[in-house]
Every structure is written in C-alpha cells, then in structure tokens.
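Here is how names work: the chains are called A, B, and so on, in the same order as the sequence lines, proteins then strands, and each is numbered from 1.
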2 protein chains.
Amino acid sequence: MVIVMNLDERKKKILSSVVEDYIESAEPVGSKTLVEKYHLDYSSATIRNEMKLLEEAGYLEQPHVSAGRIPSTKGYRYYVDNLMKERKLSMVDINYIDNTINGFGDTDAIFEQIADVVSKILSTPTVITKNNTDTIENIKVVKISDKLLLIVLMSKNGTVKDCIAKLTDTVEDNVIEQMTNILNRDLAGTPIKELHLALNTVIMKDLQAFSGIMDDVVNSIKYEMSKDMKKLNSGMEKILEKPEFSDIDKVKNFINMMSTKEIIDSALQKSKDNKLSIVIGSENKEVLLNDYTIISLDIEQDNKYLGKLSVIGPKRMNYAKTISTLKYINDKFKNTLISNKNKGNVKGDNSEKGRR
Amino acid sequence: MVIVMNLDERKKKILSSVVEDYIESAEPVGSKTLVEKYHLDYSSATIRNEMKLLEEAGYLEQPHVSAGRIPSTKGYRYYVDNLMKERKLSMVDINYIDNTINGFGDTDAIFEQIADVVSKILSTPTVITKNNTDTIENIKVVKISDKLLLIVLMSKNGTVKDCIAKLTDTVEDNVIEQMTNILNRDLAGTPIKELHLALNTVIMKDLQAFSGIMDDVVNSIKYEMSKDMKKLNSGMEKILEKPEFSDIDKVKNFINMMSTKEIIDSALQKSKDNKLSIVIGSENKEVLLNDYTIISLDIEQDNKYLGKLSVIGPKRMNYAKTISTLKYINDKFKNTLISNKNKGNVKGDNSEKGRR
DNA sequence: TTTTAGCACTCAAATTTATTAAGTGCTAAC
DNA sequence: GTTAGCACTTAATAAATTTGAGTGCTAAAA
C-alpha cells in the first residue's frame with residue numbers, strides 16, 4: 001500500500017542520524033551537527049543537498065527555513081521499519097523490572113504494577129487495556145460474615161477478580177448455594193463485556209426469588225467489572241519534563257486528552273492483527289493524537305490474549321527502548337506471572353533434583 | 001497563642017470582601033473594585049487608607065506597589081476563623097455525590113470513590129489517608145481453587161480488605177484450617193501498620209511447618225497492605241486550569257510535590273486533635289507547601305476513626321465550599337457507607353410498617 | 001558528475017525599548 | 001473623618017532591534 005522509496009546508503013545513514021539525534025536532543029538537526037557528531041565523511045554542503053532531497057521525498061520536515069530538519073511521520077516510519085537497530089534493555093532496567101513486579105494480587109493488581117514499572121522506565125504514561133472478550137468460567141460466592149459475601153469471578157483465560165458484597169439482610173448458607181448455582185449456570189461462558197447485560201437478564205429470569213440479596217451482589221459485581229476496564233496510569237510527572245511540554249497549553253491538552261476515555265479507547269482499538277503495533281503521529285486517525293505515537297503490545301499467556309499494554313508519548317519517543325521494554329515485560333509475563341504453571345514446574349524440578 | 005487584632009466592622013467587611021473577591025477572580029483587589037462590587041459606602045480613598053492599615057497589621061499584602069491587595073496567610077486565617085459564612089452545598093453537588101458514591105466494594109474502593117467525587121466537585125487533588133492504627137480482628141482464608149487462596153482481613157473498625165494468594169503448590173483443606181487458626185491466634189489485635197513486622201514473627205515462630213504455602217500467603221498480605229496506605233487521587237486536570245498554574249514551573253513543582261509521598265505524608269499528620277483541620281500557606285512547616293492550603297476532615301463511623309480526607313489546593317481556595325463538601329461527605333459516610341447497620345435498620349423499619 | 005567552499009538570505013528567539021493601564025499614597029480641601 | 005485630585009510606580013503588553021543558526025544557491029574544485 002505504502003510505496004517505499006529506495007534510499008541509498010548515504011540517505012539512510014542521514015535519515016537515521018537525524019531521527020536519533022532528534023530523539024535525543026529534541027532540537028531540529030542541522031547539517032553541521034550531522035557531519036560533526038555522526039562522522040559523515042562529507043561536507044555540510046553535501047549533507048544539505050541530501051537533506052533537501054529527503055525533505056522533497058517526505059522523510060524530513062523543516063519547522064522554518066532557517067532551522068534544521070526533523071523527521072516527518074514518514075521518516076519515523078521508515079526508521080522504525082528499516083533502520084532502527086534492536087537494542088537490549090540495560091541491566092539497570094532489567095533489574096528494576098525483575099525486582100518490582102512480584103506477581104502478587106489479582107490480575108488487575110499485576111497489570112497495575114506492570115503499567116507502573118513501564119511508566120517509570122520510559123517516563124511515559126502507560127495504559128493497559130484488559131481483554132474483555134474473555135469469558136466467565138466460574139463464580140464462587142463465599143460467606144465471610146452475616147452480611148458480607150465475597151464473590152470471586154474466574155475467567156476462561158485464568159484471570160481472577162473478586163469483590164465484596166455487603167448485604168442488607170442476613171442470608172442462609174443454602175440460599176447462597178442455590179444462588180451460586182444459578183449464577184454459574186446462567187453466566188458461564190458469558191463474555192466479560194456482556195456481563196452487565198447478562199446480569200440483568202439473570203435477575204429477571206431466575207433470581208426473582210432472591211431479589212433482596214441479589215441486588216447487592218449484582219451491583220457489587222457490576223461495579224467491580226465496570227471500573228477501570230482501561231487502567232490509566234500516571235507517569236505524568238516525568239513526561240512533563242520533556243521539552244515538547246514546555247508549552248503549558250500542550251500540557252493541558254495532553255492531560256485532558258489522556259483523561260478523555262473515548263479518545264484513548266478508540267486509539268487503542270486499532271492494532272488488531274499485530275502483536276506489536278506502532279502508530280506514529282498522523283497515522284492515527286484521531287486528530288488530537290497526530291503529534292503522538294502509541295506503541296502497544298498484546299499480552300498473551302499460553303496463547304491466550306489477556307490484554308494490551310500501550311505506551312503513549314510524543315512522536316519523538318525512544319522507539320528502540322520502548323519496544324525492547326515492552327518485549328521484555330511480555331516475555332517475563334509469559335513465564336512467571338498470573339499463571340503458576342511455570343513457577344510450579346520450577347519447584348517441581350528442584351524437588352526432583354533433591355530426590356536423587 | 002495567636003494574638004487576634006480587633007478589627008472594626010468596616011475593616012472586617014473590607015477584609016472579607018478582598019478575600020472573597022480574590023478567591024473568585026485570582027486578581028489582586030483594588031479599592032475601586034471594592035467600592036463598586038461590594039457596595040461599600042465610602043470613597044475609594046477611604047478604602048485605600050483602610051487597606052493600608054490592614055496591610056500594616058499583616059492581613060493583606062501587595063504583590064507590587066501599583067497592584068491591588070491580596071490576602072496574607074494571616075488574612076485568610078482571620079477570614080476562616082471569624083468572617084466566613086457557612087454555606088450549604090448546592091443541590092447539583094449534593095445530587096452528584098449521592099448518585100456517585102454507591103458504597104460497593106471494600107473500604108479502599110469506597111475511599112477511592114469518595115476521593116474521586118471530592119476532586120470533581122472541588123477541582124482539586126484529594127488525598128485519603130487510611131487509619132493505620134486500626135487493628136486486625138479476624139482473618140479468613142478461603143480456598144478458591146487448587147492453587148488459589150483468598151484471604152480476607154477484617155479490622156476492628158469494620159473495614160474489609162482482601163487479597164488473592166497464588167500458591168506454588170496445592171494445599172489440603174485441613175492445612176488451610178490450621179494455618180487460619182494460627183494466623184488468627186497470633187495476629188488478632190495487631191495494628192495494621194505493624195502487620196508487616198508481625199507477619200515475619202508469626203512465620204518464624206509458628207508457621208515454619210507451612211513455609212511453602214505461607215510465603216505466598218504472607219507476601220500477598222504484605223503486598224496488599226503495603227500499597228496505597230495513602231491513596232493519591234488525580235483531580236489534576238481541573239486544578240491546572242486555575243490561574244495560579246499558568247506558570248509551567250509551578251505546574252511541574254506541584255505535580256512533583258504531590259508525587260513525593262514524604263511531603264504529603266508529613267503535611268497530613270499535623271491535624272491530630274481537630275476533626276476539621278485547616279492549614280493555610282505558611283502555617284505549614286513544609287516550605288514547599290507554603291503556597292498551598294490543606295483542609296482535612298477525619299472520617300469517622302460509630303465514633304471509630306477510619307481515616308482522613310484531605311484536599312490540597314492553592315491558598316486561594318474556596319474555603320466555604322470545600323468545608324461544606326467535606327462535611328457533607330462525612331455525614332453521608334456516617335450514615336450509609338461501609339457499615340450496614342443503618343441500611344439494615346431502614347429495611348427493618350420498612351418491614352415493620354409492612355407488617356401491620 | 002559529484003563534491004564543496006563561500007556567501008547572501010531567512011526567520012525564530014532573545015533582547016531592548018516604548019507604551020499602556022491599573023492602582024497606590026499623599027496632600028489639601030471639604 | 002472623608003474624599004477629590006494628582007504625581008508616581010510598576011507589571012504587562014507591544015513594538016523595535018539584534019543575534020545566530022542554518023539554509024539554498026552559485027561557481028569552482030575534484
């Protein structure tokens with residue numbers, strides 16, 4: 001679909017240098033800088049001619065005539081697709097991730113930890129979108145005290161979510177059992193995003209008799225499931241330090257945009273096919289996001305799609321580092337977290353060794 | 001301790017008008033504005049003389065010689081203590097609160113809802129500090145599946161908190177029972193803030209035998225209890241619109257300050273004696289907070305102290321509205337939320353009526 | 001044909017200067 | 001005690017000036 005120009009080696013080198021310098025410095029890059037800093041064995045005049053051609057081909061832009069060049073969306077795209085070198089995550093970052101994400105708590109808690117860690121490392125807001133195509137597999141209701149029930153929802157993909165229901169009346173054990181059975185019968189297999197609706201139907205159809213208790217239980221479930229379908233993470237403190245946010249209006253617009261669920265929602269729905277999706281600047285249909293890049297990675301486990309981890313920042317973001325961070329998190333996630341299969345196996349291995 | 005000047009009626013009226021106008025407009029208030037807007041039956045020259053006296057007495061300050069006056073910390077203090085009229089919360093706000101806070105979820109979830117609502121109404125960041133002098137009353141451990149335990153912690157004050165522990169090995173029912181008994185025996189009465197320490201002791205002393213499972217359980221509890229002892233709430237979007245944040249450095253400093261746990265921590269510990277505490281500007285020992293006011297209200301229920309609800313904003317905050325909002329929340333809280341006694345009573349009343 | 005030195009030109013950003021308007025303090029009269 | 005009137009101060013705004021980074025083009029060199 002997109003026609004990729006054939007760039008000769010020198011042009012590639014120049015483009016890649018401009019992108020990398022601009023990512024680092026946030027200043028338009030001039031011909032002199034390129035020659036000096038990136039040891040291009042040509043005079044600045046030659047580089048200037050090349051840059052002009054690159055601009056005419058749409059890879060670079062010039063904020064104004066007496067400024068250096070900055071990459072265009074097309075330039076970033078070419079860089080990401082063809083020029084960028086994979087880089088390994090630094091040991092500092094690896095250690096930080098390993099020591100911070102501990103796998104305690106329910107799925108949401110772990111997602112939150114991940115978003116936190118990614119924000120810290122990349123100095124960027126991070127959003128986690130949970131998979132709401134996942135379906136309910138099993139519901140348990142546990143009586144904690146006279147008027148407190150604990151409801152545990154387990155999904156097909158193995159995530160766990162629980163909520164507390166405070167009852168207005170006391171309730172008999174056998175009532176709880178009946179209720180649990182009905183809930184399981186009617187709700188098993190329901191996609192989480194349809195749970196809201198399904199609960200209404202269930203109440204109408206089969207749970208009239210329990211209406212007193214059910215209101216409390218159902219409302220608790222609804223509330224728990226409805227909240228933070230998208231988990232927005234701060235990371236704001238650090239992104240504000242970036243030079244693109246030296247303008248107060250940009251700060252406000254960005255913060256507002258990030259708080260507008262609809263914008264973020266629609267932006268994140270794009271990447272359906274690819275596990276790693278990179279949407280740069282004007283590639284994003286939402287105009288307000290045209291100055292930003294969103295990089296998302298599907299989080300999977302045992303080939304089950306659990307959700308999407310997305311990073312939102314200025315187009316001038318460190319693509320290489322972002323991608324390697326996301327990938328590292330995903331690898332870690334696959335092997336250690338939420339499911340305990342592997343953790344169990346490791347222990348199993350140890351005990352076998354011990355046995356001989 | 002503080003010497004309160006005797007201000008005559010005219011001075012009081014002027015001071016109160018300056019404070020209220022400045023709270024509304026964020027601009028230094030001049031003598032002419034006062035005469036016109038607040039119908040003071042004197043010429044601007046007279047008002048100027050009075051303002052000069054008020055400044056000399058320390059109630060007002062002048063940003064520069066050709067500007068109007070703004071209230072000093074002492075001026076705000078006098079206003080809050082002596083001049084401010086209590087105002088009722090508007091019906092719009094009351095409805096918003098009533099419709100948004102629903103009482104579902106555990107204590108943390110409800111606190112979060114409250115912080116959210118307060119932020120929205122006051123356009124200000126809101127912090128909730130949980131009472132960590134509360135003690136553990138009862139611990140329940142529920143087996144959800146082979147390798148999943150649900151641990152429910154109930155405190156003396158009636159708050160509930162739960163966490164999920166993922167086990168590395170399967171566990172027998174009777175083991176869970178034994179473990180639960182030991183946990184309850186050893187931990188009942190432990191203050192929540194000492195739980196971390198106490199857990200270590202318990203493991204050392206009585207739970208050696210269960211070490212395999214306990215690690216997971218204990219870590220889960222620890223993690224759950226350690227996180228968000230202070231729940232910081234955003235509300236940032238809206239506070240940024242206020243004119244004091246038109247300077248980008250102030251924005252950054254404020255956001256950084258709010259993210260620095262220690263500062264907020266120490267600032268909130270002040271108000272020990274009073275249920276409603278107001279710390280204005282330089283009354284705050286933390287220098288970074290000298291431009292801000294913190295208003296906190298103890299949240300209580302059945303005379304039990306559950307935590308503190310605090311609002312942080314510029315000195316120029318709407319004191320009357322903030323206070324009435326906090327009070328309304330607290331009243332609501334006392335009667336409806338967390339505990340279900342009242343809710344139960346209401347239903348009971350209904351059924352009695354129905355019975356006749 | 002490709003590269004480069006050299007120079008005129010452009011334009012944003014920084015700096016300086018001028019203008020404006022809001023508000024005061026003081027004096028002298030009411 | 002109050003107030004009209006006026007000189008004075010100063011931040012904010014606008015306008016003018018300077019500076020400097022970087023370009024594009026031309027013509028000569030490789």
Side-chain angles (χ1 to χ4, degrees), chain A residues 7-15 17-18 21-22 24-72 75 243-244 246-250, chain B residues 7-15 17-18 21-22 24-72 75 243-244 246-250:
Chain A
L7 300 184
D8 60 44
E9 283 312 308
R10 192 166 68 187
K11 287 201 180 64
K12 284 183 185 171
K13 177 76 182 143
I14 291 173
L15 177 54
S17 300
V18 170
D21 196 78
Y22 185 64
E24 201 194 310
S25 72
E27 298 289 336
V29 188
S31 52
K32 218 174 145 198
T33 311
L34 285 178
V35 174
E36 283 165 10
K37 224 167 142 186
Y38 296 89
H39 315 104
L40 302 182
D41 273 340
Y42 297 93
S43 75
S44 63
T46 309
I47 306 295
R48 276 204 288 286
N49 291 333
E50 290 284 61
M51 283 167 101
K52 186 146 196 245
L53 294 175
L54 279 168
E55 185 177 0
E56 278 160 10
Y59 296 96
L60 295 178
E61 346 184 292
Q62 214 173 4
H64 55 89
V65 73
S66 75
R69 300 303 203 301
I70 62 176
S72 65
E244 15 279 283
S246 61
D247 177 18
I248 190 122
D249 286 331
K250 285 218 182 102
Chain B
L7 299 186
D8 60 44
E9 284 310 310
R10 193 166 69 186
K11 286 200 180 62
K12 284 184 185 170
K13 177 73 181 148
I14 291 173
L15 177 53
S17 300
V18 170
D21 196 76
Y22 186 64
E24 200 195 309
S25 72
E27 298 288 338
V29 188
S31 51
K32 218 172 143 198
T33 312
L34 284 178
V35 174
E36 282 165 10
K37 225 167 141 186
Y38 295 90
H39 315 105
L40 301 182
D41 272 340
Y42 296 93
S43 75
S44 62
T46 308
I47 306 296
R48 276 203 290 283
N49 291 334
E50 289 284 62
M51 283 167 100
K52 185 145 197 244
L53 295 174
L54 279 167
E55 184 176 2
E56 277 159 12
Y59 294 96
L60 294 179
E61 0 188 276
Q62 214 174 6
H64 55 87
V65 71
S66 74
R69 299 301 202 301
I70 62 175
S72 66
E244 15 280 282
S246 60
D247 177 18
I248 191 121
D249 286 329
K250 286 220 182 100

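Under the 4.0 Å criterion applied to side-chain N and carboxylate O atoms, B:E9 and B:K12 are assigned as salt-bridge partners.
Side-chain nitrogen and oxygen atoms of B:S66 include none within less than 4.0 Å of the OP1 or OP2 phosphate oxygen of C:dA22. Between B:R48 and C:dT27, a side-chain N or O to OP1/OP2 separation shorter than 4.0 Å is absent. Close to C:dG25, at under 4.0 Å from its OP1 or OP2, lies a side-chain N or O of B:R69.
The residue among B:A45 and B:G68 whose nearest nucleotide of DNA chain C lies closer to the 5′ end is B:G68.
By the 4.5 Å heavy-atom criterion applied to side chains, A:V18 and A:Y59 are not counted as neighbours.
The base of D:dT3 lies outside donor-acceptor range of the side chain of B:S43, with no N or O pair under 3.5 Å.
Within 6.0 Å of the CG atom in A:D41, the count of heavy atoms belonging to other residues, nucleotides or ligands does not exceed 12.
Across C:dT10, C:dG25, C:dT4, the shortest atom-to-atom separation from the side chain of A:V65 is found for C:dT10. Side-chain proximity of B:Y42 to D:dA4, D:dT2, C:dG25: nearest is D:dT2. Among D:dG24, C:dC26, D:dT2, the nucleotide with an atom closest to any side-chain atom of A:K52 is D:dG24. Across C:dC11, C:dT4, D:dT10, the shortest atom-to-atom separation from the side chain of B:H64 is found for D:dT10.
Screening A:E61, A:R48, A:E55 for a side chain to side chain contact (heavy atoms under 4.5 Å, CB included) involving A:R69 leaves a single residue, A:E55.
Within the nucleic acid shown, A:S31 comes within 4.0 Å of sugar-phosphate atoms alone, with no base atom in reach, counting heavy atoms only.
The CD1 atom of B:I70 sits 13 Å away from the P atom of C:dT24 (whole-angstrom rounding). Here D:dG24 presents its C1' atom at 11 Å from CD of A:E55, a figure rounded to the nearest Å. Counting to the nearest Å, the C1' atom of D:dG22 and the CD atom of A:E50 are 18 Å from each other. One interatomic measurement links the two molecules: CG of A:L53 to P of C:dT2, which rounds to 11 Å at whole-angstrom precision. In this structure, B:L54 places its CG atom 12 Å from P of C:dG25, rounding to the nearest Å. Whole-Å rounding puts the A:N49 CG to D:dC25 C1' distance at 9 Å. Spacing between atom CZ of A:R10 and atom P of C:dT4 amounts to 8 Å, rounded to whole angstrom units. As a whole-Å value, the separation of B:I14 CD1 from C:dG23 P is 16 Å.
Between B:S43 and B:V35, the shortest heavy-atom contact is C-CG2, 4.1 Å.
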